[in-house]
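These notes concern the structure reproduced below.
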Amino acid sequence: MIQQQTTVALDGAAVHELAARLRGDLVRPGDARYEEVRAVYNGMIDKRPAVIAQCEDVADVIAAVNFAREHQLALAVRGGGHSGPGLGTVDNGLVGDLSRMKGIHVDAANKTVRVEGGSTWGADDHATHPFGLATPSGFLSTTGVGGLTLGGGIGHLSRTHGLTLDNLLSADLVLADGTVVTASAEEHADLFWAIRGGGGNFGVVTSFLFQLHPVSTVYGGPMFWPLERAAEVMKFWRDFILSAPENINGWFAFVTVPPAPPFPEQHHMQKMCGIVWTYTGALEQAEERFAPIRAFAPPAIDLAGPIPWPVLQSLFDGLYPAGLQWYWKADFVTDLDDKAIELHLKYAERLPTMHSTMHLYPINGAAHRAGKTDTAFSFRDANFAEVIVGVDPDPANNDRMIQWAKEYWLALHPYSAGGAYVNMMMDEGQDQVKAAYRDNYAQLARVKAKYDPANLFHVNQNIVPGE
Ligand SMILES: Cc1cc2nc3c(=O)[nH]c(=O)nc-3n(C[C@H](O)[C@H](O)[C@H](O)COP(=O)(O)OP(=O)(O)OC[C@H]3O[C@@H](n4cnc5c(N)ncnc54)[C@H](O)[C@@H]3O)c2cc1C
């Protein structure tokens, strides 16, 4: 369970002192910008922090961390604000909002990029694309670099260049006692191990240094088939992706086709299955590579083709603006057997709203190069990350879509590897956090006890110190 720290009444003089120490703004209930600044991506989350520190730099982060600790305030750290359970905010506590810390420096010669802790993947792609380089990230450009990296980072390039955390070279953190350290393979190696999967449990990352890869214009985009063909498409995709070359990535989805271009009108609001492809090999070989896929079952809608990387990364941004209601359920999957596929089809037919979806992301290929204990991310033997998400603009549909997501997950859970990707869980309690880390949990708890013994950083998928 995510621990709720007791919050003491804040005295005005102390708040003024914090405001004076910050270069950024301090926003409190009653301020004109409070409603706008307290909002996070998931419209289902409605928390009212006592203080929001809009940090401009590392000094501001240190001030915010020290203030929360000294005043026994629950502390939430917000990167991109995309957390499903709203872990970037907290009732009555202090939010360290990093969204103004978006500085990015590309070192094209060394193929690295240094990214500040509040940046988003869209900003990162914008900075690296002119150099023909990219870092593996996710599937949406508005997601935060902070939360996505610290929990794992599954995306279009996972099979090709590994998880995002596999491309992390070092990170600067403000620790619970307000000191600043660099974590890398050479410095604070235990901390570096823990932050690669252990989420925001260990400190506030003010800057990340990532490996870049030559990724510029790729061949990618979605293909869709009618739901009646989903069983054969899913089986074909499963077999294909388990042995495909690492430069091909394709994730599977159940969707309702949005009633807007570029989707052909005859398919609007039709439930379909799809695969979203990314091929980073030679573009002139792409058509040949995809010919067997298209021949197997000609897609009803085929939008795959040459596409600049940042465009692929932001393809779904418009469909999923901030403020929608989101409810997530997830699991890792090792073997996607035919029985599980049958069950998937049953729930695909019942997609409760237009935005609701189920994705299966392949995490084999390059993501399998690291072993189970090499980083805190344990499920290196799983082949897929499954996520079932009920999404809708209207809170009136929440009960219906939450019920669908829970029932779907319960039906498929016996076919899973037994734990879920922390970045796609809601607040599901300590047992689920432990299940997400399996044998790595004990070491995470030891590292937590060393760097954050009082559990100041507990607004996250919490690792309890020393447990
Ligand atoms: C629409 C959508 C699409 C998504 N797509 C993907 C995807 O393709 N691949 C994928 O892997 N995940 C994806 N996710 C999940 C995503 O990785 C998590 O929600 C992640 O936590 C978001 O990071 P954030 O910084 O935006 O979130 P926040 O809500 O700001 O933070 C989430 C957690 O990370 C911590 N945190 C954030 N930044 C820092 C920092 N700098 N230092 C210390 N702690 C920090 C916070 O304290 C909090 O506990 C998606 C989520 C959404 C809502």
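Just so you know, ligand 1 is whichever comes first in the structure, and atom 1 is the first atom listed for that ligand.
Under the 3.5 Å distance criterion, with hydrogens and angles disregarded, a donor-acceptor pair is assigned to the side chains of Asn201 and Asn462. Looking at Thr142 and His82, their side chains do bring a donor and an acceptor atom within 3.5 Å of each other.
Assignment of Gly81 to the shell around ligand 1 is supported, since a heavy atom sits closer than 4.0 Å. Ligand 1 lies within reach of Gly203, whose nearest heavy atom is under 4.0 Å from it. Contact analysis puts Tyr41 in contact with ligand 1, with a non-hydrogen atom separation below 4.0 angstrom. Heavy atoms of Trp328 come nearer than 4.0 angstrom to ligand 1 in at least one pair. Not a single heavy atom of Gly151 sits closer than 4.0 Å to an atom of ligand 1. Using 4.0 Å as the threshold, Tyr361 has no heavy atom nearer than that to any atom of ligand 1.
A salt bridge links Arg23 with Asp57: the distance from a Lys NZ or Arg NE/NH1/NH2 to an Asp or Glu carboxylate oxygen falls below 4.0 Å. The pair Asp25-Arg100 counts as a salt bridge, with a side-chain nitrogen and a carboxylate oxygen less than 4.0 angstrom apart. Here Asp381 pairs with Arg438 in a salt bridge; the nearest charged N to carboxylate O distance falls below 4.0 Å. Salt-bridge check for Lys329 with Glu428: passed, with a basic side-chain N closer than 4.0 Å to an acidic carboxylate O. In summary, Arg38 and Asp91 do not engage in a salt bridge, as defined by a charged side-chain N under 4.0 Å from a carboxylate O.
By the 30° and 60° cut-offs, the orientation of the rings of Tyr41 relative to Trp326 is tilted. Phe139 and His156 have perpendicular rings, their planes meeting at more than 60° on a 0 to 90° scale where under 30° would count as parallel. Using a 30° and 60° split on the angle between ring planes, Tyr361 and His359 fall in the perpendicular class, above 60°.
In terms of protein heavy-atom proximity, atom 26 (O) of ligand 1 is closest to Gly144 N, 2.9 Å. For atom 32 (C) of ligand 1, the nearest non-hydrogen atom of the protein is Ser83 CB, 3.7 Å. In this structure, atom 10 (C) of ligand 1 lies nearest to the protein heavy atom Leu148 CD1, 3.4 Å. Nearest protein heavy-atom neighbour of atom 4 (C) of ligand 1: Thr143 OG1, 3.9 Å. Among all non-hydrogen protein atoms, the one lying nearest atom 14 (N) of ligand 1 is Met424 CE, 4.0 Å.
When non-hydrogen atoms are compared, ligand 1 lies under 4.0 Å from the side chain of Leu98 (C-beta onward) but not from its backbone. Of the heavy atoms in Phe457, none comes closer than 4.0 Å to ligand 1. With a 4.0 Å cut-off on non-hydrogen atoms, Leu140 touches ligand 1 through its side chain and not its backbone. Counting heavy atoms closer than 4.0 Å to ligand 1, residue Val459 contributes backbone atoms (N, CA, C, O) but none from C-beta onward. Under 4.0 angstrom from ligand 1, there are no non-hydrogen atoms of Gln461. Only the side chain of Tyr421 comes within 4.0 Å of ligand 1, counting heavy atoms alone; its backbone N, CA, C and O stay farther away.
Listed by atom number, the atoms of ligand 1 under 4.0 Å from Gly88 heavy atoms are 29 (O). For ligand 1, the atoms sitting less than 4.0 Å from at least one non-hydrogen atom of Gly138 are 7 (C), 8 (O), 9 (N), numbered in the order shown with element in parentheses.
Looking only at distances, a side-chain donor or acceptor of Asn440 sits under 3.5 Å from a matching main-chain atom of Lys372. Panel note: side chain Tyr347, backbone Ala405; no donor-acceptor pair is recorded below 3.5 Å.
By the 3.5 Å distance cut-off applied to N or O atoms, Val204 is not counted among the residues near ligand 1. Checked against a 3.5 angstrom limit, the closest N/O atoms of Val205 and ligand 1 fall inside it. Any N or O atom pair closer than 3.5 Å counts here, and Asn423 shares at least one such pair with ligand 1. For ligand 1, none of its N or O atoms has an N or O atom of Phe208 under 3.5 Å away.
Nearest heavy-atom pair, Ala64 versus Cys55, reported as atom, atom and distance to 0.1 Å: CB-SG, 4.3 Å.
When Asp97, Val77, Thr164 are ranked by how near their heavy atoms come to atom 47 (O) of ligand 1, first place goes to Val77. Taking each of Ala322, Gly199, Gly79, Ser207 in turn, the one with a heavy atom nearest to atom 30 (O) of ligand 1 proves to be Gly79.
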Would you tabulate the side-chain donor-acceptor contacts of residues 250-257 under 3.5 Å, counting partners in other chains and residues two or more places apart, or write 'none'?
none

